[in-house]
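Any value given below was found using the heavy atoms of this structure, including those in side chains, with hydrogens, waters and symmetry copies removed.
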Amino acid sequence: MGVRAGVGGGEPTAYARTVLDVVERIPPGRVMTYGDVAEYLGTGTGRTVGAVLRRYGSEVPWWRVVQASGRPAEPLVQAALARLSREGCAVHGERIALAAARWDGRPIRI
DNA sequence: AGTATGACGGTTA
DNA sequence: CTAACCGCCATAC
């Protein structure tokens with residue numbers, strides 16, 4: 001049941017699965033930067049995280065991953081901002097207020 | 001094996 | 001604020 005089989009031809013690599021796993025856990029209305037995900041995993045970089053989402057991210061909340069500037073990646077600016085705004089995320093221009101929406105990976109207060 | 005490629009990030013000008 | 005540059009590392013070929 002690889003629910004996450006996205007557009008990619010093959011199956012996600014082991015690394016890709018860890019990335020997708022983290023992104024799937026980002027709570028609605030919260031965001032992580034590409035670099036945050038890599039740092040949280042302890043492997044990879046913002047680039048590698050972006051590469052995974054580009055390939056296999058269609059089945060996970062990809063709009064909750066933004067650049068360190070608070071702005072969604074180029075091809076996703078409008079789509080991501082619309083979804084985040086709907087989730088109650090504070091949007092300033094084309095940027096998310098990271099100070100308020102950034103998620104550290106810990107449960108929000110059970 | 002070696003090279004090229006990114007939904008990135010930080011620094012510098 | 002914009003633009004250029006370089007370091008980063010998993011993948012594709």
Side-chain angles (χ1 to χ4, degrees):
Chain A
M1 315 162 19
V3 190
R4 306 164 174 142
V7 288
E11 293 179 17
T13 63
Y15 173 72
R17 284 196 298 274
T18 65
V19 171
L20 297 173
D21 192 55
V22 172
V23 175
E24 229 166 28
R25 293 173 41 198
I26 304 177
R30 307 300 292 280
V31 302
M32 280 183 94
T33 69
Y34 292 93
D36 284 345
V37 176
E39 187 179 343
Y40 182 82
L41 291 175
T43 61
T45 66
R47 276 193 188 278
T48 62
V49 170
V52 168
L53 289 179
R54 178 169 67 89
R55 223 177 127 73
Y56 310 107
S58 59
E59 303 298 318
V60 297
W62 47 263
W63 58 90
R64 293 179 192 148
V65 182
V66 301
Q67 296 176 160
S69 61
R71 193 181 172 215
E74 186 54 37
L76 311 168
V77 181
Q78 299 306 320
L81 289 178
R83 287 170 178 276
L84 287 171
S85 177
R86 197 186 318 154
E87 291 182 352
C89 221
V91 180
H92 298 299
E94 289 191 327
R95 293 194 291 166
I96 297 302
L98 289 182
R102 203 170 200 168
W103 188 54
D104 55 15
R106 282 181 295 186
I108 314 262
R109 256 211 293 212
I110 60 175

query: Reading nucleotides 4-9 of chain C from the 5' end, what letters show protein touch, with B for base, S for backbone sugar-phosphate only, - for no heavy atom under 4.0 Å?
result: ---BBB

message: Any residue in residues 85-92 of chain A with a heavy atom nearer than 4.0 angstrom to DNA chain B? Just list them by number, or reply none.
response: none

query: With a non-hydrogen cut-off below 4.0 angstrom, is A/E74 in contact with a base, only sugar-phosphate, or nothing?
result: nothing

Can you give each donor-acceptor pair under 3.5 Å made by side-chain atoms of residues 66-80 of chain A, sequence neighbours left out, with the distance rounded to 0.1 Å?
residue, atom, partner, partner atom, Å
A/S69, OG, A/R71, N, 3.4
A/R71, NE, A/E94, OE1, 3.3
A/R71, NH2, A/E94, OE1, 3.3

query: Does a side-chain heavy-atom distance below 4.5 Å link A/Y34 with A/L53?
result: yes

task: Would you jot down, in residue-number order, the residues of residues 95-105 of chain A having a non-hydrogen atom under 4.0 Å from DNA chain B?
output: none

task: Using only side-chain N and O atoms of A/R55, determine if any of them is under 4.0 Å from OP1 or OP2 of C/dA10.
output: no

field: side-chain contact (heavy atoms from CB on, under 4.5 Å) involving A/A16 - partner list, sequence neighbours excluded
entry: A/P12, A/T13, A/V52, A/Y56

- request: Quick one: label A/A51 by what it contacts on the DNA or RNA (base, sugar-phosphate, nothing), any heavy atom closer than 4.0 Å.
  value: nothing

message: Heavy atoms only, 4.0 Å cut-off, all strands: where does A/T33 land among base, sugar-phosphate and nothing?
response: sugar-phosphate

message: Classify A/Y15 by what it touches in the nucleic acid, base, sugar-phosphate, or nothing, heavy-atom distance under 4.0 Å.
response: sugar-phosphate

Partner set under side-chain contact (heavy atoms from CB on, under 4.5 Å) for A/R30, not counting sequence neighbours: A/I26, A/P27, A/W103, A/I108

